[in-house]
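Scroll down for the structure; my scribbles are underneath it.
The residues of the chain are indexed from 1 along the displayed sequence.
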Amino acid sequence: MFGGGWVSDPEKRTVASRSARGGLLTGVAAVWGVQVMGMLLQLVYAGVTARTFPAAVFGAYAAAMSTIAIAALFAVSGATKASARSLDEDPHQGRALISASLLIATALMLVVMLLAGPIAMLWGVPASASMIRWLAFTLPVSAYAGVLLGVLRRRRRITAYNLVTATATVTGIVVGVMAVQSGAAVSLVVMPITVQVVSLVLGVALLQGQAMPALRVSGARREVVFSLRSSTNSALTYVATTVPLVVLARSVGPSALGSWNRATSLTQVPVESATSAWTTIFFSVMRGEREGSRQRNLLWSDMVVASAFVVLPTAGAFLPAVPAAVSLILGPGWSLSGQMAAWLWVSACIVAVNVVLFTALEATDNFPVLWTVQAWRIAALAAAALGVALTGNWLWLGVGMVASALLGLLVTLITAARRDLLQGRRVGRLLTTAFVLALALCLPGLLIAGSGRVITLTACALVAVAYLGCLYAARRRLPALDRLLARD
């Protein structure tokens, strides 16, 4: 997109794709290191804020963040991916995409600000209206920063990408901790706003003139079309998970929503952050994998299998310690968050395995497969929302999240295999083995779950570390993992 020259020759594209894959794990390790730092800081921030505000305040915050997240899917997410996947190096096209994204984001900002009051009433949490209005201001900033970060990803400037991410995260959390000392509920929005502003400033500083918007947007038509399709796909997922939260807030109360939000911040958010280390690198690699079905199938299959053997057994080993970890971080008064966190942990880790294949399908424009999966996931979450509405019990949502994740993984694999996008039978067999390992490694933690928080945490962590050590030592027996390690 910016600089470099015009990439159009299929042979050059293949060489570039192989070169990119050659450093795949190096890039993943670099991004993951930054994500780990961010996760640790988020845990500190979660602990500080949980001791400052009651659950009802986090209910308002959760409603505001969920509302803005849906708008951001159209304003930010699709544009970031369109920028990262582009095979066109024309500088004007990149600047045109910035302009188009800013126009869309500004329009959405105005709509959200005007409807903040009715949206807050829909949630049944009127206190969220002011937070929604403040967060709406970040939509144009997030869209602008997202495109610039997509450029850094596509150009494989991973060091620069890490610099932006790390600096924005550290600055956001430091400023956020200072802000919440005021005791005002609206101060919770300071952290996410600061992260986006710092990301934009650093992105512009790194790309300089190439980061300036264009006066015309005609050169970005293809990217905008992809952006809208990608955003629609993401929106289906997010709406499907947000509707049950609205039902939770209205049926059980803002405090239950606040507890769910804190559980999410300690389980789902860290897992998604760790997963983004894969997708940040993998998305730009997969944009060159549109030809060569045999090579593509092997790569996709290897990624799914390797992810399953790393994520699922490790998650199973640590599952019994999740409630204890949440209680330790948040402090007294958050026992409900600990119960919710166990379900969210299982759901997030299953989704983490599926997200690799989802990323590949999206990068190569296989949206029909994704929409089929979304339909099944929406059905599972709709049933969960109905259960919460009828019984007033949050547990339906926990079960629904796990069922939706399992159903999404199953339907993705079946649909992708039928379209000859991966080696279905091999992947299915090895995934089953990974799930069995996860159940087996969960047992030691369950046996000592009543021995105290520190003992449970230590024992589960040791089991997880021991498993990962054994997995690496035995990598030669798992060709999928061995091939990925060899790519580095």
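Here OG1 of T242 is found 5.5 Å from CH2 of W123. Values are rounded to the nearest 0.5 Å. Distance check: S265 OG to M65 CE gives 10.5 Å after rounding to the nearest 0.5 Å. Here the straight-line distance linking atom OG1 of T138 with atom CG of L200 works out to 11.5 Å at 0.5 Å rounding. In this structure, CZ on F318 lies 6.5 Å from CH2 on W345, to the nearest 0.5 angstrom. With values rounded to the nearest 0.5 angstrom, L406 atom CG is found 3.5 Å from I350 atom CD1. Note that CG of L344 and OG1 of T264 are 4.5 Å apart. Values are rounded to the nearest 0.5 Å.
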Next item on the list: Run the numbers on L188 and W134 for side chain to side chain contact (heavy atoms under 4.5 Å, CB included), then give the verdict.
Entry: CA-CA 11 Å; L188 285 171; W134 277 107; over 6 Å; no
Next item on the list: Decide yes or no on side-chain hydrogen bond (donor to acceptor under 3.5 Å, both in side chains) for S142 and Q196, but give the supporting numbers first.
Entry: CA-CA 6 Å; S142 301; Q196 296 304 326; 3.3 Å; yes
Notebook entry, point to check: Can W260 and F58 be said to form a side chain to side chain contact (heavy atoms under 4.5 Å, CB included), step by step?
Noted result: CA-CA 9 Å; W260 185 270; F58 286 104; over 6 Å; no
Checklist line | Test log, rule side chain to side chain contact (heavy atoms under 4.5 Å, CB included), inputs V304 and L413 | finding: CA-CA 10 Å; V304 174; L413 293 175; 4.3 Å; yes
Margin query: Run V204 and L148 through side chain to side chain contact (heavy atoms under 4.5 Å, CB included) and show every step you take.
Written below: CA-CA 7 Å; V204 171; L148 300 185; 3.8 Å; yes
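Panel note: side chain S259, backbone L336; no donor-acceptor pair is recorded below 3.5 Å. R262 places no side-chain N or O within donor-acceptor distance of the main-chain N or O of G47, the cut-off being under 3.5 Å. Between the T456 side chain and the A321 main chain, no donor and acceptor come within less than 3.5 Å of each other. With T49 contributing its side chain and A46 its backbone, the two residues share a donor-acceptor pair below 3.5 Å. Listed for the T171 side chain is no donor-acceptor partner under 3.5 Å among the backbone atoms of A168. A donor-acceptor contact shorter than 3.5 Å is absent between the side chain of S327 and the backbone of P323. Remark: side-chain polar atoms of S182 are paired, donor with acceptor, to backbone N or O of A179 under 3.5 angstrom. A donor-acceptor contact shorter than 3.5 Å is absent between the side chain of S66 and the backbone of A63. Here the side chain of S187 pairs no donor or acceptor atom with the backbone of G183 at under 3.5 angstrom.
Here the shortest heavy-atom pairing between A308 and V353 reads CA-CG2, 3.9 Å. When all heavy atoms of R51 and L328 are compared, the pair lying nearest together is NH2-O, 3.7 Å. For the pair A249 and V125, the tightest heavy-atom approach, listed with the atom from each and the gap, is CB-CG2, 4.3 Å. The minimum heavy-atom distance linking T372 with T415 is given by the pair CG2-OG1, 4.3 Å. Here the closest non-hydrogen pair linking L471 and F309 is CD2-O, 3.6 Å. Across all their heavy atoms, I448 and I455 have their closest contact at CD1-O, 4.2 Å.
Side-chain N/O atoms of T267 and W343 include no donor and acceptor closer than 3.5 Å.
Under the 4.5 Å side-chain criterion, counting only non-hydrogen atoms from C-beta, I68 is in contact with L139. Residues Q268 and S347 have side chains not in contact (no heavy-atom distance under 4.5 Å, counting atoms from C-beta outward). Using a 4.5 Å heavy-atom threshold, the side chains of L312 and L437 count as separate. Contact annotation: the side chain of Y61 approaches that of P192 to within less than 4.5 Å [non-hydrogen atoms, C-beta and beyond]. Using a 4.5 Å cut-off on side-chain heavy atoms (C-beta onward), W376 and L410 make no contact. Residues L409 and F435 have side chains in contact (heavy-atom distance under 4.5 Å, counting atoms from C-beta outward). Counting heavy atoms from C-beta outward, M191 and I173 have side chains that approach closer than 4.5 Å.
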Under 3.5 Å, sequence neighbours excluded: what are the donor-acceptor pairs made by side chains of residues 378-400?
unit_1	atom_1	unit_2	atom_2	d
T391	OG1	G387	O	2.7
T391	OG1	N393	N	3.2
T391	OG1	W396	NE1	3.3
N393	OD1	L395	N	3.0

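Of the options V246, L114, I132, a side chain to side chain contact (heavy atoms under 4.5 Å, CB included) to I119 is made by I132 and by none of the others.
No more than 12 heavy atoms of other residues, nucleotides or ligands lie within 6.0 Å of CZ in F137, so this atom counts as exposed by the packing criterion.
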